[in-house]
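First up is the structure itself, then whatever we jot down about it.
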Number of protein chains: 2
Amino acid sequence: MNTNITLRDIAKALNLSISTVSRALTDSYQIGEKTKQEVLAYAKEHHYVPNRMARGLKEGKSRSIGVVVCSIDNNFMAQMLDGIDQYCSEHDYQLIMMQSKELFEQEKANVNLLYAGGIDGLLICPSYQTTDFSYLINLQESGLPVVLFDRLSNHIDTHKVAVDNFKGAYEATQHLINNGYHAIAHLNWNTQLSTATERFEGYKKALKDAGIPFNNDWVKFCDTSNAATLDEELETAIGELMALKQVPRAIFTATDLLSTKCLEILRKCGHRIPEDIALVGFSNTDLAEVLNPSLSTIRQPSLEIGRLAAKQLLSLISDRRATEHFETILLPTELQVRASSQKSK
Amino acid sequence: MNTNITLRDIAKALNLSISTVSRALTDSYQIGEKTKQEVLAYAKEHHYVPNRMARGLKEGKSRSIGVVVCSIDNNFMAQMLDGIDQYCSEHDYQLIMMQSKELFEQEKANVNLLYAGGIDGLLICPSYQTTDFSYLINLQESGLPVVLFDRLSNHIDTHKVAVDNFKGAYEATQHLINNGYHAIAHLNWNTQLSTATERFEGYKKALKDAGIPFNNDWVKFCDTSNAATLDEELETAIGELMALKQVPRAIFTATDLLSTKCLEILRKCGHRIPEDIALVGFSNTDLAEVLNPSLSTIRQPSLEIGRLAAKQLLSLISDRRATEHFETILLPTELQVRASSQKSK
DNA sequence: CTGTTAGCGCCTTCAG
DNA sequence: CTGAAGGCGCTAACAG
């Protein structure tokens, strides 16, 4: 704990009362200009800075928000955190971060700890296991502003910020179709979260609009939360796809990790991309251009998601009446075409 | 702010005094077993959790630490943060994160804000601009435990955790030499931080030990902090290298960003890797294997750096006498050989 | 315009 | 073994 000077120190030194000093530092009215300047000068000279905990205790708020993410060790998440941090810094809010590591129990524990710690609001990207949002709803009802980002759910009513996953997936699939690929497989992950389901829906809709019948054999769901088993699981999935009577000529992968892993495994198994099989994935890696082959991606405005989520939360904190009309913001994705989805010959 | 129940609520409900309840929840002695159980049961049932700010104010500590990083939007940093978070979670410390964005002034502002907020300790990876550590030393002298990680400096005496950059660079260079490359260029960044200088020294020593004369034309320093100008700067640097009379046959790049960017630019300019020019870089990207060509890297134990740094800090916090013997921990790097540095023919 | 007072929730003497 | 009282640093009535 720090040993900063306090209001009392200033008061004593200047022969004033504590509250006068306090006013000089916060109010602008109800204080003599001269004493105010004196206090300000002394405070500055001695690097006075208010004790956040004392102020928090008094005011019932801490000017800090909690952020619970599934895992920080992930490009896309780091970019969103960057955006969150930007907005919070600009508005003098501190950011307390915790990871759920995709575990529901861990997530609950984190949230409770943050709540106990006195955060003014919570930003959360739920774990892939999370289907029960009642614990969040409870906190929300006891007055904690909550904003969901990236991964949304209909089970809780609040501000939400993410991208238009349906449209992004639709465009990815459409792009493949336009480039001559009709037999398009789809790799997704086994969760109930909107990110997954909507991308699946977008994929199906694009096929339908192009008059391509949906083939359930072409769709595989993997457990991306377990790094240890993912490689094997993916290898099996891809193996099964390539062994089908009607072999797919392209794959649309629904997550960042699946996209790069899939590229890796396809190459490892000797499949040429895009000659044997084309690939378009959701990914925010900065290295898409340098991959082998360069990877066509659906890119999400990660920084903006973070900034907006933080903005929504802070507005909720400063004006609780905003509770009346929650909104869901869906930002557009961007299709970046590269070698992995080049026109079929 | 939350509306949790307080000691007073419990006291009132159980017809006890606040201090008795407090004791039941903290002490183990000086309290009747029966009342203790009563209190514990009631507290549990009503999800009592102590108000962190009140306790912090009282005890003069917050059970939170500040972490100032240059930028979170970076694989390697995210991995270290992951490690820090792991250790802190395990020991019930909260983690308040801020970014300096490689700006010294920003870094100072962040640290001061964190200090004012009542952190119990500070973990910092200094900005590349930072050469003046006096502001940190001041805080340290007023009692704030500080631990440096990743980027170290001799200008401040405290616990430090990073990798053995000298050795890592030495091994990278030696590896190139062993594979038949003798004309080895070196790309580094323009900072005084240890990460840069030691890698440069390791490079020079490896050349020397192999009897290869050091050639200053082969060394370029770039400003990696400015994403906008880096591409151009790197392109120029590489252009100059390739236009030398004695054209280098390999490059050893000293940072993560330089390594992948360099690969990108070499390819863009039509240089074949490793046929025209080989490449080994410091990088922690998980995609090294899937790059084109796959990138030989010096990998750092990022998670472990984070965990150890956090551990050192917490030990400093709990035992200030530890101040007497500060230590610098240098973890080993790992050379991962891939296509970009294959044997010269 | 300024000082006094009370209290945020918790812990810790000091008395019973 | 338990209760009462004081104070951490700050803000916000309430009085002058």
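The sequence lines fix the lettering, A, B, ..., with proteins before strands; numbering per chain opens at 1.
- At distances below 3.5 Å, not a single donor-acceptor pair connects side-chain atoms of A/T35 with backbone N or O atoms of A/I31.
- For the pair A/K61 NZ and D/dG9 C1', the interatomic distance rounds to 19 Å; values are reported in whole Å.
- At whole-Å resolution of the value, CG in B/N51 and P in D/dC8 are 18 Å apart.
- Here the side chain of A/S318 pairs a donor or acceptor atom with the backbone of A/L314 at under 3.5 angstrom.
- Applying the 4.0 Å criterion to OP1 and OP2 of D/dC8, one finds that B/R55 has every side-chain N and O outside that range.
- Taking side-chain N and O atoms only, A/R23 has no distance below 4.0 Å to OP1 or OP2 of C/dT2.
- Between the CD1 atom of B/I31 and the P atom of C/dT12 there is a distance of 14 Å, given to the nearest Å.
- We find that CD of A/E33 is positioned 9 Å from P of C/dC1, with the value rounded to whole Å.
- Qualifying side-chain contact (heavy atoms from CB on, under 4.5 Å) partners for B/H46, counting only residues two or more places apart in sequence or in other chains: B/I5, B/Y42.
- In this structure, CE of A/M53 is placed 14 Å from C1' of C/dC11, rounded to the nearest angstrom.
- Heavy-atom nearest nucleotides on DNA chain D were determined for B/V21 and for A/A54, and the one closer to the 5' end corresponds to B/V21.
- Axis angle between the ends of the helix from C/dC1-D/dG16 to C/dG16-D/dC1, five pairs each and rounded to 10 degrees, works out to 50°.
- Within 4.0 Å (heavy atoms only), B/L57 reaches at least one base atom of the nucleic acid.
- Summarising the local packing, CG of B/D92 is surrounded by more than 12 heavy atoms from other residues, nucleotides or ligands at distances under 6.0 Å.
- In this structure, A/E59 atom CD and C/dG9 atom P are separated by 14 Å, rounded to whole Å.
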Check residues 80-88 of chain A and write down every donor-acceptor pair under 3.5 Å in which the side-chain atom is one partner and the other belongs to a residue at least two apart or another chain.
{"from": "A/D82", "atom 1": "OD1", "to": "B/Q99", "atom 2": "NE2", "distance (Å)": "2.8"}
{"from": "A/D82", "atom 1": "OD1", "to": "B/K101", "atom 2": "NZ", "distance (Å)": "3.1"}
{"from": "A/D82", "atom 1": "OD2", "to": "B/K101", "atom 2": "NZ", "distance (Å)": "2.9"}
{"from": "A/D85", "atom 1": "OD2", "to": "B/Q99", "atom 2": "NE2", "distance (Å)": "2.9"}
{"from": "A/Q86", "atom 1": "OE1", "to": "A/R307", "atom 2": "NH1", "distance (Å)": "2.8"}

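- Side-chain N/O atoms of B/R8 include one lying less than 4.0 angstrom from OP1 or OP2 on C/dC8.
- Between B/T35 and the phosphate of D/dT2, there is a side-chain N or O to OP1/OP2 separation shorter than 4.0 Å.
- OP1 and OP2 of D/dA4 both lie 4.0 Å or more from every side-chain N or O belonging to B/S17.
- Note on A/Y48: a side-chain N or O is less than 4.0 Å away from OP1 or OP2 of D/dC10.
- Around CD of B/Q37, the count of heavy atoms belonging to other residues, nucleotides or ligands within 6.0 Å exceeds 12.
- Here D/dC8 presents its C1' atom at 18 Å from CZ of B/R52, a figure rounded to the nearest Å.
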Requested in this report: Assess whether side-chain hydrogen bond (donor to acceptor under 3.5 Å, both in side chains) is satisfied between B/S127 and B/Q106, documenting all intermediate values.
Outcome: CA-CA 9 Å; B/S127 91; B/Q106 178 81 43; over 6 Å; no
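- Using a 4.0 Å heavy-atom criterion, one finds that B/T6 contacts the sugar-phosphate atoms exclusively.
- No hydrogens or angles were tested; on distance alone, a donor-acceptor pair under 3.5 Å links the side chain of B/K58 to the base of C/dC11.
- Put simply, CD1 on A/I10 is 12 Å from C1' on D/dC10, counting in whole angstrom units.
- Mapped onto DNA chain D by nearest heavy atom, A/I18 and B/T20 fall at different nucleotides, with B/T20 at the one closer to the 5' end.
- Taking 4.0 Å as the cut-off between side-chain N and carboxylate O, A/E102 and A/R151 count as a salt-bridged pair.
- Side-chain N/O atoms of B/S19 include none lying less than 4.0 angstrom from OP1 or OP2 on D/dT2.
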